[in-house]
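Working notes, structure below.
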Amino acid sequence: MRVLSGQTVSPPPIWLMRQAGRYLPEYRETRAKAGSFLDLCYTPEHAIEVTLQPIRRYGFDAAILFSDILVIPDALKRNVKFTEGYGPSMDPISEEGIRQLTPEGVLDHLAPVFEAVTGIRSALPEETTLLGFCGAPWTVATYMIAGHGTPDQAPARLFAYQHPEAFDHLLALLADVSAEYLIRQIDAGADAVQIFDSWAGVLGEREFERFAVGPVRRMVDRVRSSRPNAKIIAFAKGAGYMLKGYRQGTDADAIGLDWSVPLAFAAELQKDGAVQGNLDPMRVVAGGKALEDGIDAILEVLGNGPLIFNLGHGITPQANPDHVTALVNRVRGKG
Ligand code: CP3
C-alpha cells in the first residue's frame, strides 16, 4: 500500500499474478473437490482457501482474490464455460445481443465473490494486502465477441470497425458494471484493485486510446468518485511504447509491466509513480541462473524507486513451486 502511494520500499513487496493456480498441488486438490472452475470461483469456502494457499506457502506481501475476469460476462448471462484443456468459452455476442444487455442483477450474481473477499480479509495477516480485480472492458469484450480465446483478437477488432456504436456501448456498459463490481470488492475488504487489460497489445494507437485508455479511465473515475482513496493498478499487457501516456491517461496509481518492457523504459515510467512487474514467467519455470539474472536485473534498475515485484504475466502451470521459494528469497535479499 505504501508503494501504491508512491513510496520506495526496500526490499520491494512481492506477489505474483496467478499465484493461486495449477502449479500448486494444494490448488489442484481444492480444484478437484470444487467441481467446475466456476464452482470454485462462486463457493466462498473454496475461493478463500485457494487465495490463502500461496500466502501460507510463500508469505507474499499481497493476496489476490481468487476469481476470474470472465465472471462479469457470466453475470451478464453469456453462458460462460471453462473446459479442461480448451479454456473459456461463451455465447458470442451480436449487435442485437449488445442492445439487450442489462446490468440488472449482475452484482447479486456476484454476491459469493464479495463474501469471499470478506472471508479472505479476516483470515489474512494484517500486514498482507488484499487485492481485488476485474478485467478491463476491452479484454472482457474480446472474449464476449469471439466467444472464446483467439491469438490476436481479430473478431473483436473487426467488430469494432464494423459496428462502432454497438462496440462503444458494450465498452461503456462493461466499464460501468466493472467499476461497481470493484467498489463492492473494496467495500467487502479489498485494500486495492487491479484492472487486467491482457489484450491491450493487439490494438493500434488510436484504438488503444479509445478502447483501452478511455474505458479504464471511465472506471477509475467512477470508482474514485465514490471511493476517493481507492488504490488502483492498471495492467495493459503488450502495450509497449503506448505505456508512455498510460498512467496519466488512466489515472492509475501503479502500472503493470509485462516482460517485454525494456528496463530503461520502465525506469522512465517509474519517475511518475509506482510500477509493477516484470519478470518473464519462463524464468520461474527455468529456475537457477536464468531466474537469478532476471530478478537481479529488475532490482538493479527499478529497486531504488516505487516497485511492486511481480511477473510480467501469470505464473504458468509448469512452474516448479521450489523456484517460487527461491524467487521470494532472492527478492528479499536472502538467497
Ligand atoms: O492471479 C490470481 O491468482 C487470481 C486469479 C485469476 C485467475 N484468472 C484464475 C484462473 C486472475 C486474476 C485471472 C485473470 C484472468 N482470467 C485474465 C487476465 C490475466 C491474464 O492472465 O491475462 C484472463 C485473460 C482470464 C481468462 C481466463 N481464465 C483464461 C484465458 C483461462 C484459461 C487459461 C488457463 O490458464 O487455463 C482462465 C482460467 C483460469 N483462471 C485458471 C485460473 C487459476 C485455470 C483454470 C483451472 O484451474 O482449471
Side-chain angles (χ1 to χ4, degrees), residues 14-43 46-55 57-58 60 62-74 78 80-90 113 116-117 120 129-144 146-151 153 156 178 181-182 185 190 192-202 212 216 233-239 256-259 276-277 281 308 310-319 324:
I14 175 172
W15 70 280
L16 306 183
M17 290 188 275
R18 288 275 179 100
Q19 64 191 19
R22 285 166 295 184
Y23 75 107
L24 289 179
E26 59 269 35
Y27 170 85
R28 295 196 298 268
E29 206 176 293
T30 311
R31 169 86 168 76
K33 259 194 260 168
S36 78
F37 177 73
L38 280 176
D39 287 335
L40 177 55
C41 295
Y42 292 140
T43 309
H46 293 320
I48 294 167
E49 167 59 21
V50 294
T51 302
L52 297 173
Q53 286 169 351
I55 307 304
R57 199 188 255 259
Y58 302 114
F60 288 121
I64 181 160
L65 161 70
F66 189 86
S67 185
D68 197 86
I69 64 167
L70 300 180
V71 297
I72 289 286
D74 185 56
R78 301 310 302 162
V80 173
K81 294 188 177 113
F82 287 82
T83 313
E84 206 70 62
Y86 175 71
S89 62
M90 67 190 82
V113 177
V117 170
I120 297 160
T129 295
L130 175 56
L131 298 171
F133 75 93
C134 69
W138 161 249
T139 288
V140 174
T142 64
Y143 290 96
M144 291 180 75
H148 52 82
T150 77
Q153 305 304 354
S178 302
Y181 179 49
L182 291 181
Q185 292 181 35
V193 293
Q194 174 156 323
I195 301 170
F196 285 88
D197 216 346
S198 304
W199 288 100
V202 302
V216 170
I233 306 166
F235 175 49
K237 183 173 178 287
L257 309 176
D258 67 78
W259 68 88
Q276 172 177 281
I308 300 168
N310 206 315
L311 305 182
H313 198 201
I315 189 166
T316 58
Q318 68 272 38
V324 177

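Ligands are counted one by one from 1 in listed order, and the atoms in each one are counted from 1 as well.
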| request: Using a strict cut-off of 4.0 Å, indicate which atoms of ligand 1 neighbour a heavy atom of Ile64. | output: 1 (O), 2 (C), 3 (O), 4 (C)

| note | atom 38 (C) of ligand 1 sits nearest the protein heavy atom Phe82 CE2, 3.7 Å

| task | If you have a sec, work out which protein heavy atom is nearest atom 28 (N) of ligand 1 and how many Å separate them, to one decimal? | result | Asp68 OD1, 2.7 Å

| Which residue and non-hydrogen atom of the protein lie closest to atom 34 (C) of ligand 1, and at what distance in Å? | Arg22 NH2, 3.0 Å

| Contact between Lys237 and ligand 1, counting heavy atoms under 4.0 Å? | no

| Can you tell me the protein heavy atom closest to atom 13 (C) of ligand 1 and the distance? | Arg18 NE, 3.7 Å

| query | Looking at atom 46 (C) of ligand 1, what's its closest protein heavy atom, distance included? | reply | Arg31 NE, 3.3 Å

| request: Among all protein heavy atoms, pick out the one at the shortest distance from atom 41 (C) of ligand 1; state its residue, atom name and that distance to 0.1 Å. | output: Phe37 CE1, 3.7 Å

| query | Which ligand 1 atoms does Met17 reach within 4.0 Å, using its non-hydrogen atoms? | reply | 1 (O)

| request: Could you tell me which atoms of ligand 1, counted from 1 in the order shown, lie closer than 4.0 angstrom to a heavy atom of Phe133? | output: 11 (C), 12 (C)

| With atoms numbered from 1 as shown, which atoms in ligand 1 lie under 4.0 angstrom from a non-hydrogen atom of Ser67? | 5 (C), 6 (C), 7 (C), 8 (N), 9 (C)

| task | Answer yes if a protein heavy atom lies under 4.0 Å from atom 32 (C) of ligand 1, otherwise answer no. | result | yes

| query | In ligand 1, which numbered atoms sit nearer than 4.0 Å to a non-hydrogen atom of Leu65? | reply | 4 (C)

| task | Would you mind listing which atoms of ligand 1 come within a distance below 4.0 Å of any non-hydrogen atom of Ala20? | result | 3 (O), 43 (C)

| task | Please report which non-hydrogen protein atom sits nearest to atom 14 (C) of ligand 1, along with the residue it belongs to and the distance in Å to one decimal place. | result | Ile69 CG2, 3.7 Å

| field | Thr83: partners by side chain to side chain donor-acceptor pair (under 3.5 Å), with sequence neighbours left out | value | none

| query | Looking only at N/O atoms, are Tyr27 and ligand 1 under 3.5 Å apart anywhere? | reply | yes

| task | Say whether Thr139, considering both its backbone and side-chain N or O atoms, lies within less than 3.5 Å of an N or O atom on ligand 1. | result | no

| query | Pro88 heavy atoms, cut-off 4.0 Å: which ligand 1 atoms fall inside? | reply | 29 (C), 30 (C), 31 (C), 32 (C)

| said: Under a 4.0 angstrom heavy-atom cut-off, which atoms of ligand 1 come close to Phe66? | reply: 9 (C), 43 (C)

| task | Check ring pair (Phe, Tyr, Trp, His ring centres under 6.0 Å) between Phe37 and all other residues, then give those that pass, not counting sequence neighbours. | result | Phe66, Phe82

| Does any N or O atom in Tyr143 lie less than 3.5 angstrom from one in ligand 1, N or O only? | no

